[in-house]
Amino acid sequence: MASVEQAPAAAQGGTGIPVENPATGETIATLPTLSASAVKALVARARAAQPAWEAIGFEERGRVLRRAQKWVTDNSERIIATIVSETGKTYEDAQLAEIMYAAAAFGFWAKEAPHFLADEPMKSANPLVKGKKLVVRYRPVGVVGVIGPWNFPLTNSFGDCIPALAAGNAVILKPSEVTPLTSLLMAEGLRAAGLPDDVFQVATGDGATGSALIDHVDFVMFTGSTKTGKKVMERAAKTLTPVGLELGGKDPMIVLADADLDRAANAAAYYSMNNGGQVCISIERVYVEAPAYDEFVRKVTDRVKSLRQGRPSGPGSIDVGAVTFPPQLDIIEAHVADAVAKGARVLTGGRAAPGPGMFYEPTVLVDVDHTMSCMTEETFGPTLPIMKVADADEALRLANDSPYGLQASVWTKDLRRGEQLARRVEAGAVCVNDAQVNYTALELPMGGWKSSGLGTRHGAGGIRKYTQQQTLLVTRFAGKRDPHMFPYSKRVTKLIGGLTRLLYGRGKRA
Ligand code: NAD
């Protein structure tokens, strides 16, 4: 593979972006911002390389992906070190949610792509096509552009490239300008696994680089904020390019009075603070039925108080890492200040921690309501606002009172009631007595409702979106002229009328 990613900024016709370690404040690399013309050139190379990659078929592509899987496990320490250095997250957050995900995903798509994208022989009840061969097939779109966020540089930026490659596409990844190093390392991994030149390329740069990519590719897979997602869709409309959008969330947790409060409290602390709360499917707000409220709040606060925060220095060193993206710290501070100004109480945390590096203390807020931004807007930080509700109906009404619909959770010992409540939550995924782990089941579709996105990743839909459906109809046995062809005749017209009534006209009238 050509080393576009290592080329100096000047060679790419752009300027350099410094990459910072958010846990130390040190600049660890400077990378080129690719210009629109450099992006166009990358896409041209991808287009030239793609047909051969498609032609080698699932088996050969699967071999490359399996070698890449092995490369990930062999090089896991190096990848973790890279992720930790550019995000400031803990070793564990990089290991569980990134290395394990990528290693599993390479194997999953290598194994499942041939099944999800196999030709589908069809049967039709329509007499006009009787005896003909009917097939639906999936053909790769060509060049896929993946644009990713900074919170999971491996899982959420690179992860979406794997099914695109497995389907036979060439891919250009535009990682977040905040965390581009992991993507470049993965380019090295794919090269080592034998991926042909130019089938995978990394376009480093900012929003303008991402925007330019949209103009030239055949599908845009975007993960990021809802605000940018709308801009991506608008830009893609100019060329009628299809998009997949995985956007922001404000995931509610509903705790019913009969829940196992120890498990619920452990989960609330973990799934709101893991990855520093910078998870699209973080628990962002909690509604607790009144009888369980005091005990739940006490248990959660105890657990959050005991969390260790700081610069990660290897396995087990800390629980909560840095705030990866500087402007995020301002959003977290603004949400907490707004809540406090409107009457909320901070039970623990509530402040940015002293540097070097960017940290916000793990924070529990109570006496919150929906006039406060911490309950209605995505905070994306280590904060957990908890609200007392009268009953499950009030919890459900408040959970659905959101423009977002990414994920949610319901906690109760009554599994039937829990599942019934889960089915009424407006979100793309809902867990009962759990959170987030559905993401690890690559068989399950994952995608947001409402302003949380468009389309899904994982499952059959997670790879079919990178293809175009093509219908094939093959007529094998036929005469010189079918009866419905020209010239029209009274006799055939009457016959077709009779046939229509016979086939479809026997239903009962309402
Ligand atoms: P962001 O929207 O600011 O940026 C995402 C990417 O878009 C970056 O690579 C950025 O350079 C690029 N970009 C910016 N402007 C662009 C434009 N006009 N055209 C094309 N590309 C452009 O998001 P972020 O701050 O990096 O990530 C955090 C957000 O991502 C949160 O809202 C989080 O919920 C969301 N997220 C969602 C999921 C999911 O699966 N639903 C997963 C992870 C993160």
Side-chain angles (χ1 to χ4, degrees), residues 17 19 22 31 33-34 36 39 86-87 89 93 97-98 101 145-160 172-180 182-183 202-217 220-238 241 243-251 275-284 323-332 377-381 402-407 427-429 436 438-439 444-458 462:
I17 313 177
V19 180
L31 289 167
T33 305
L34 295 208
V39 169
E86 64 181 348
T87 61
K89 68 175 68 179
D93 288 333
E98 306 236 53
Y101 177 89
V146 176
I147 302 174
W150 46 259
N151 60 332
F152 287 106
L154 182 54
T155 297
N156 281 148
S157 285
F158 183 79
D160 288 316
I172 296 181
L173 169 60
K174 207 303 276 176
S176 168
E177 56 273 44
V178 183
T179 56
T182 306
S183 298
V202 178
T204 56
D206 55 13
T209 309
S211 207
L213 185 61
I214 297 168
D215 294 345
H216 301 291
V217 295
V220 180
M221 180 60 223
F222 174 82
T223 304
S225 63
T226 298
K227 191 172 157 214
T228 312
K230 288 179 183 173
K231 287 188 202 160
V232 166
M233 196 165 170
E234 209 177 312
R235 181 89 180 206
K238 291 192 171 54
T241 304
V243 294
L245 302 175
E246 299 287 346
L247 309 176
K250 189 72 193 170
D251 294 5
N275 213 51
Q278 302 160 118
V279 184
C280 55
I281 49 174
S282 246
I283 293 175
E284 282 253 336
V323 174
T324 303
F325 183 46
Q328 206 60 43
L329 195 59
D330 301 336
I331 295 172
I332 301 165
E377 292 169 26
E378 188 181 46
T379 309
F380 221 57
S402 171
Y404 294 110
L406 193 55
Q407 174 136 341
Q436 287 187 17
N438 54 300
Y439 201 95
L444 289 175
M446 174 74 219
W449 291 6
K450 304 198 270 188
S451 293
S452 288
L454 198 65
T456 53
R457 56 162 63 100
H458 303 163

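Atoms within each ligand, like the ligands themselves, are counted from 1 in listed order. This one's a predicted model, so the numbers in the text were calculated from it and none came from an experiment.
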Task: side-chain hydrogen bond (donor to acceptor under 3.5 Å, both in side chains) against S211, all qualifying residues, sequence neighbours excluded - done: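 R235.
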
Open item on the list: So, using side-chain hydrogen bond (donor to acceptor under 3.5 Å, both in side chains) as the criterion, who are the partners of E86 when residues are at least two apart?
Closed with: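 E86 satisfies side-chain hydrogen bond (donor to acceptor under 3.5 Å, both in side chains) with T182 only.
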
Task: Those residues that, when tested against F158, pass ring-ring contact (aromatic ring centres under 6.0 Å, His included) (two or more places apart) - done: F106, F200

Open item on the list: Could you report the tightest heavy-atom contact between E98 and K89, atom names first, then the distance?
Closed with: OE2-NZ, 2.6 Å

Please tabulate, one line per pair, the protein nitrogen or oxygen atoms found under 3.5 angstrom from a nitrogen or oxygen of ligand 1, with distances to 0.1 Å, or say none if there are no such pairs.
{"unit_1": "ligand 1", "atom_1": "2 (O)", "unit_2": "S225", "atom_2": "N", "d": "2.9"}
{"unit_1": "ligand 1", "atom_1": "2 (O)", "unit_2": "S225", "atom_2": "OG", "d": "2.7"}
{"unit_1": "ligand 1", "atom_1": "2 (O)", "unit_2": "T228", "atom_2": "OG1", "d": "2.7"}
{"unit_1": "ligand 1", "atom_1": "9 (O)", "unit_2": "G148", "atom_2": "O", "d": "2.7"}
{"unit_1": "ligand 1", "atom_1": "9 (O)", "unit_2": "K174", "atom_2": "NZ", "d": "3.0"}
{"unit_1": "ligand 1", "atom_1": "11 (O)", "unit_2": "K174", "atom_2": "NZ", "d": "2.7"}
{"unit_1": "ligand 1", "atom_1": "11 (O)", "unit_2": "E177", "atom_2": "OE1", "d": "2.6"}
{"unit_1": "ligand 1", "atom_1": "23 (O)", "unit_2": "S225", "atom_2": "N", "d": "3.3"}
{"unit_1": "ligand 1", "atom_1": "25 (O)", "unit_2": "W150", "atom_2": "NE1", "d": "2.8"}
{"unit_1": "ligand 1", "atom_1": "26 (O)", "unit_2": "W150", "atom_2": "NE1", "d": "3.3"}
{"unit_1": "ligand 1", "atom_1": "30 (O)", "unit_2": "G224", "atom_2": "O", "d": "3.3"}
{"unit_1": "ligand 1", "atom_1": "32 (O)", "unit_2": "E378", "atom_2": "OE1", "d": "2.6"}
{"unit_1": "ligand 1", "atom_1": "34 (O)", "unit_2": "E378", "atom_2": "OE2", "d": "2.5"}
{"unit_1": "ligand 1", "atom_1": "40 (O)", "unit_2": "R457", "atom_2": "NH1", "d": "2.7"}
{"unit_1": "ligand 1", "atom_1": "41 (N)", "unit_2": "L247", "atom_2": "N", "d": "3.2"}
{"unit_1": "ligand 1", "atom_1": "41 (N)", "unit_2": "L247", "atom_2": "O", "d": "2.8"}

TODO: Give the ring-plane orientation class for W150 versus F325, where under 30° counts as parallel, over 60° as perpendicular and anything between as tilted.
DONE: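 W150 vs F325 ring planes: tilted.
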
Open item on the list: As a test of understanding, state which of T155, T223, I147 forms a side chain to side chain contact (heavy atoms under 4.5 Å, CB included) with D160.
Closed with: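 Of T155, T223, I147, side chain to side chain contact (heavy atoms under 4.5 Å, CB included) with D160 is met by T223 alone.
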
